[in-house]
Amino acid sequence: MVQVQVKWQGKKYDVEVDTTQPGEVFKTQLFSLTGVAPERQKILVKGGQLKSDTDMAKLGLKENQVLMMMGTVGELPKAPPKPVKFVEDMSENEVAQALAIPAGLVNMGNTCYMNATLQCLKAIPELKAALDKYKGGMGQSDPRGNLTAALGKLFDLLSQSGEGVAPIVFLQFLRQVFPKFADRDPQVGGYRQQDAEECWNEVLTTLDHMLKEGNQESAIERYLSGTMVTTLKSAEAPDEAPVVRQEMFRKLDCHIDKSVNYVHQGIKQGLEQTIEKNSETLGRNAEYTATSRVARLPEYLTVAYNRFFWKASESVEAKIVKSVKFPLDLDVTEFCTAELQEKMRPAKQHLRDLEEKKTLERKLAKRPKHEPKDEAAADAQKKDGGDVEMAPAAGESASSSPPVPFTLDPELKADVGCNPSGVYELVGVVTHIGRTANSGHYMGWVRKEKGVGGPEPSGSNLPETQHWWYKFDDDKVSMVTDDDILKLCGGGDWHTAYVTLYRAKKLE
């Protein structure tokens, strides 16, 4: 790394140059600092003008060397107006522009694990709000503070940009705080592929620490953390009092073996395990059953799929590609304590009533305008050649009655950031394609909220879906349906869910 100064329009910018990367990366750094697009930059170096494929190591850059840059901020000339195109006739890029699809993140060399993670975390508005309130800048002595400030800035850039954003500053701080993400492959010299779930956990741990305000809990603790109660009991020592411990958690693990076909089964395995530990009453090691139950559910629930294991014969972290189906709506009530289940019962019933109402409305919307009220009337109308008028089925009404009011448990009502019903809806997925943890490719999939961002796709040839989703393949962003998301369950060499992010269903 070499520290240089870039002079542009009377200002100087301190830039850390990675001489192992081509000139394109350096230009991208300047773009993030000045707003001058790489193709509009003219940077004078020894021997002429810096190009995207320039070998930075051959420039002989020295510490604090001053480089001159010319170029202006502004839009490129616009093409002449084009005829109106329908969505089904557009290319993927044209659809992205027409629908105001959000910006992706440029892959800086095996950084897809980070890109996919950040796109899913950006789907949490409470996290964005906490970052907006963060007062620290990027010049702190604590690198974790710099990482936090850089993430807030990066989220702002993603919200403002219509093109791919290069996360150079955030990546530099991430590798500074967690050097393992800066590991290089000695054979090819580039950066190694990393684990997306590990990145997810490290980023949230850092934010949890840095976003605390005095004695108040952070947004991570409030909205993404729950409470788990674990009871240890041994059948070998029936008279021994159970050991009960309570701890915080930020994810539920989905264990995967031959018996697991659905995420519920995998979560259950993770909450009911057999361990061996010393028994004070027996004076020796004994087998204990560790049964865990959730005592507080967070508004946002992370489920991590344990898909990698150490394969000694090949010395690699091999992948379990088995299909494990996950739902768009996840009910985790069975994994909660009996006390919490009872508290959540009214809210859960309320959601059931709401869903029945929505189902009825969708059903009635698909019906023909005329449906026979009764057989005699239908026959008479048919003889007269008139239209057949239909009536709602028993118990149905075009204007269905509102759900019965319910009373939310006072403790749950006062607990900001909890899930009071135990029912979640899927809002984000991190997937991996490949056979080992140190290879392959990660992508992020984020649900588009209705009425937020650009319009939703429309057209006669488009598939039916309750929700549209953004597929973030680094800086390539497109839209997919619910069915496409449900295909990410695994079972072959396709994108497989590795982390899923669920949000508490709204009580409205």
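Because the structure is predicted, anything quoted here is derived from the model rather than measured.
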S.K.: I need the minimum non-hydrogen distance between E197 and A304, along with the two atoms involved.
M.R.: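 Taking every non-hydrogen atom into account, OE2-CB, 3.5 Å.
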S.K.: Side chain to side chain donor-acceptor pair (under 3.5 Å), that's the test. Do D353 and Q349 meet it? Break it down for me.
M.R.: CA-CA 6 Å; D353 294 340; Q349 182 59 50; 3.1 Å; yes
S.K.: Just by distance, no angles: are the side chains of T205 and D208 close enough, under 3.5 Å, to form a donor-acceptor pair?
M.R.: no
S.K.: Counting N and O atoms only, with roles assigned by atom type, does the side chain of E287 sit under 3.5 Å from a partner on the main chain of A235, one being a donor and the other an acceptor?
M.R.: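 Not a single qualifying donor-acceptor pair exists.
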S.K.: Who are the side chain to side chain contact (heavy atoms under 4.5 Å, CB included) partners of H255, not counting sequence neighbours?
M.R.: D253, Q269, Q273, N306
S.K.: Considering only distance and modelled atom types, tabulate donor-acceptor pairs under 3.5 Å from the side chains of residues 163-177, sequence neighbours left out.
M.R.:
{"residue": "R175", "atom": "NE", "partner": "F181", "partner atom": "O", "Å": "3.2"}

S.K.: Work out which heavy atom in Y442 is nearest to a heavy atom in D195; give both atom names and the distance.
M.R.: OH-CA, 3.7 Å
S.K.: Taking all non-hydrogen atoms of both residues, which atom of E126 and which atom of Y300 are closest, and how far apart?
M.R.: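 So the two residues come closest at OE1-OH, 2.8 Å.
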S.K.: Do you know the tightest heavy-atom contact between M210 and G145?
M.R.: CE-CA, 3.6 Å
S.K.: Does atom CD of Q246 have more than 12 heavy-atom neighbours, drawn from other residues, nucleotides or ligands, at distances under 6.0 Å?
M.R.: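 Yes - once you tally the heavy atoms of other residues, nucleotides and ligands closer than 6.0 Å, there are more than 12.
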S.K.: If you take the centroid of each ring, where Trp contributes its six-membered ring, are Y113 and H432 closer together than 6.0 Å?
M.R.: no
S.K.: Are C199 and F178 packed together at the side-chain level, in the sense that at least one heavy-atom pair is separated by less than 4.5 angstrom?
M.R.: no
S.K.: Step by step, would you call D156 with D132 a side chain to side chain contact (heavy atoms under 4.5 Å, CB included)?
M.R.: CA-CA 9 Å; D156 287 340; D132 288 341; 3.9 Å; yes
S.K.: Using modelled atom types only, decide if a donor and an acceptor are shared between the side chain of Q265 and the backbone of N261 within a distance under 3.5 Å.
M.R.: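 Such a contact is found between Q265 side chain and N261 backbone.
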S.K.: Is the backbone N or O of Y191 less than 3.5 Å from a side-chain atom of N110, with the two atoms forming a donor-acceptor pair by type?
M.R.: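 Yes; at least one donor-acceptor contact below 3.5 Å.
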S.K.: Test your reading of the model: is there a side-chain donor-acceptor pair from Q341 to the backbone of T333, 3.5 Å cut-off?
M.R.: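 Side chain of Q341 to backbone of T333, a donor-acceptor pair under 3.5 Å: yes, one is there.
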S.K.: Give a yes or no on this: more than 12 heavy atoms of other residues, nucleotides or ligands lie within 6.0 Å of atom CD of E213.
M.R.: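 Atom CD in E213 is not packed in, count stays at 12 or less.
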S.K.: Distance-only, no hydrogens or angles: does the H264 side chain make a donor-acceptor pair with backbone N or O of L330 under 3.5 Å?
M.R.: no
S.K.: What's the spacing between T148 OG1 and K153 NZ if we round to 0.5 Å?
M.R.: 16.0 Å
S.K.: Show your reasoning for whether side chain to side chain donor-acceptor pair (under 3.5 Å) applies to T436 and N438.
M.R.: CA-CA 5 Å; T436 67; N438 298 323; 5.8 Å; no
S.K.: Under a 4.0 Å N-O cut-off, is there an ion pair linking D409 with R345?
M.R.: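 No, D409 and R345 are not salt-bridged.
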S.K.: What is the distance from atom CZ of F472 to atom CG of L158, rounded to the nearest 0.5 Å?
M.R.: 8.0 Å
S.K.: How close do R184 and G189 get, counting heavy atoms only, and between which atoms?
M.R.: NH1-O, 2.9 Å
S.K.: Taking everything shown except K233 itself, do over 12 heavy atoms lie less than 6.0 Å from its NZ?
M.R.: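 Atom NZ in K233 is packed in, count exceeds 12.
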S.K.: Can a donor-acceptor pair be found, under 3.5 Å and without considering hydrogens, that links the side chain of E221 to the backbone of H209?
M.R.: no
S.K.: Around atom NZ of K413, are there more than 12 heavy atoms from other residues, nucleotides or ligands closer than 6.0 Å?
M.R.: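 Atom NZ in K413 is not crowded, with 12 or fewer foreign heavy atoms closer than 6.0 Å.
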S.K.: Any salt bridge between E339 and K343, counting N to O under 4.0 Å?
M.R.: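 Here E339 pairs with K343 in a salt bridge, since their nearest N and O are under 4.0 Å apart.
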S.K.: If you count the non-hydrogen atoms of other residues, nucleotides and ligands that lie under 6.0 Å from NZ in K128, is the total more than 12?
M.R.: yes
S.K.: For a side chain to side chain contact (heavy atoms under 4.5 Å, CB included) check, start with the C-alpha distance between D18 and V25, then their side-chain angles and the critical distance, and finish with the verdict.
M.R.: CA-CA 8 Å; D18 186 347; V25 174; 5.8 Å; no
S.K.: Using a cut-off of 6.0 Å, state whether more than 12 heavy atoms not belonging to K212 lie near its atom NZ.
M.R.: yes
S.K.: Please tabulate, for side-chain N and O atoms in residues 420-427, each donor-acceptor pair with protein atoms closer than 3.5 Å (sequence neighbours left out).
M.R.:
{"residue": "S421", "atom": "OG", "partner": "N419", "partner atom": "OD1", "Å": "3.1"}
{"residue": "S421", "atom": "OG", "partner": "V423", "partner atom": "N", "Å": "3.2"}
{"residue": "Y424", "atom": "OH", "partner": "P298", "partner atom": "O", "Å": "2.5"}
{"residue": "E425", "atom": "OE1", "partner": "R447", "partner atom": "NH1", "Å": "3.4"}
{"residue": "E425", "atom": "OE2", "partner": "R503", "partner atom": "NE", "Å": "3.4"}
{"residue": "E425", "atom": "OE2", "partner": "R503", "partner atom": "NH2", "Å": "2.9"}

S.K.: Run the numbers on S279 and E240 for side chain to side chain donor-acceptor pair (under 3.5 Å), then give the verdict.
M.R.: CA-CA 9 Å; S279 169; E240 188 174 298; 2.8 Å; yes
S.K.: If the test is side-chain hydrogen bond (donor to acceptor under 3.5 Å, both in side chains), which one of W494, W445, Y305, Y498 qualifies with T431?
M.R.: W445
S.K.: Answer yes or no: is there a donor N or O on one side and an acceptor on the other, between the side chain of D484 and the main chain of T481, under 3.5 Å?
M.R.: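 Answer holds: yes.
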S.K.: Taking D473 for its side chain and K476 for its backbone only, find out whether a donor-acceptor pair lies under 3.5 Å.
M.R.: no
S.K.: Taking all non-hydrogen atoms of both residues, which atom of V321 and which atom of R307 are closest, and how far apart?
M.R.: C-NH1, 3.7 Å
S.K.: With no hydrogens and no angle check, is any side-chain donor or acceptor of T465 less than 3.5 Å from a backbone partner on D482?
M.R.: yes
S.K.: Can you confirm whether E280 is buried at CD, in the sense that more than 12 heavy atoms of other residues, nucleotides or ligands lie under 6.0 Å from that atom?
M.R.: no
S.K.: Between M228 and L252, is the side chain to side chain contact (heavy atoms under 4.5 Å, CB included) condition met? List the steps.
M.R.: CA-CA 10 Å; M228 187 77 70; L252 293 180; 3.7 Å; yes
S.K.: State whether the side chain of T230 and the backbone N or O of R245 hold a donor-acceptor pair below 3.5 Å, judged by distance alone.
M.R.: no
S.K.: Between E299 and K506, is the closest basic N to carboxylate O distance under 4.0 Å?
M.R.: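 No, K506 and E299 are not salt-bridged.
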S.K.: Go through the steps to decide whether L127 and Y223 satisfy the test side chain to side chain contact (heavy atoms under 4.5 Å, CB included), and finish with yes or no.
M.R.: CA-CA 8 Å; L127 174 58; Y223 296 102; over 6 Å; no
S.K.: With a 4.5 Å limit on heavy-atom distance, are the side chains of W310 and E317 in contact?
M.R.: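 The answer is yes, as the side chains (C-beta and beyond) meet within the 4.5 Å cut-off.
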S.K.: Please indicate whether E24 has more than 12 foreign heavy atoms, meaning atoms of other residues, nucleotides or ligands, lying under 6.0 Å from its CD.
M.R.: no
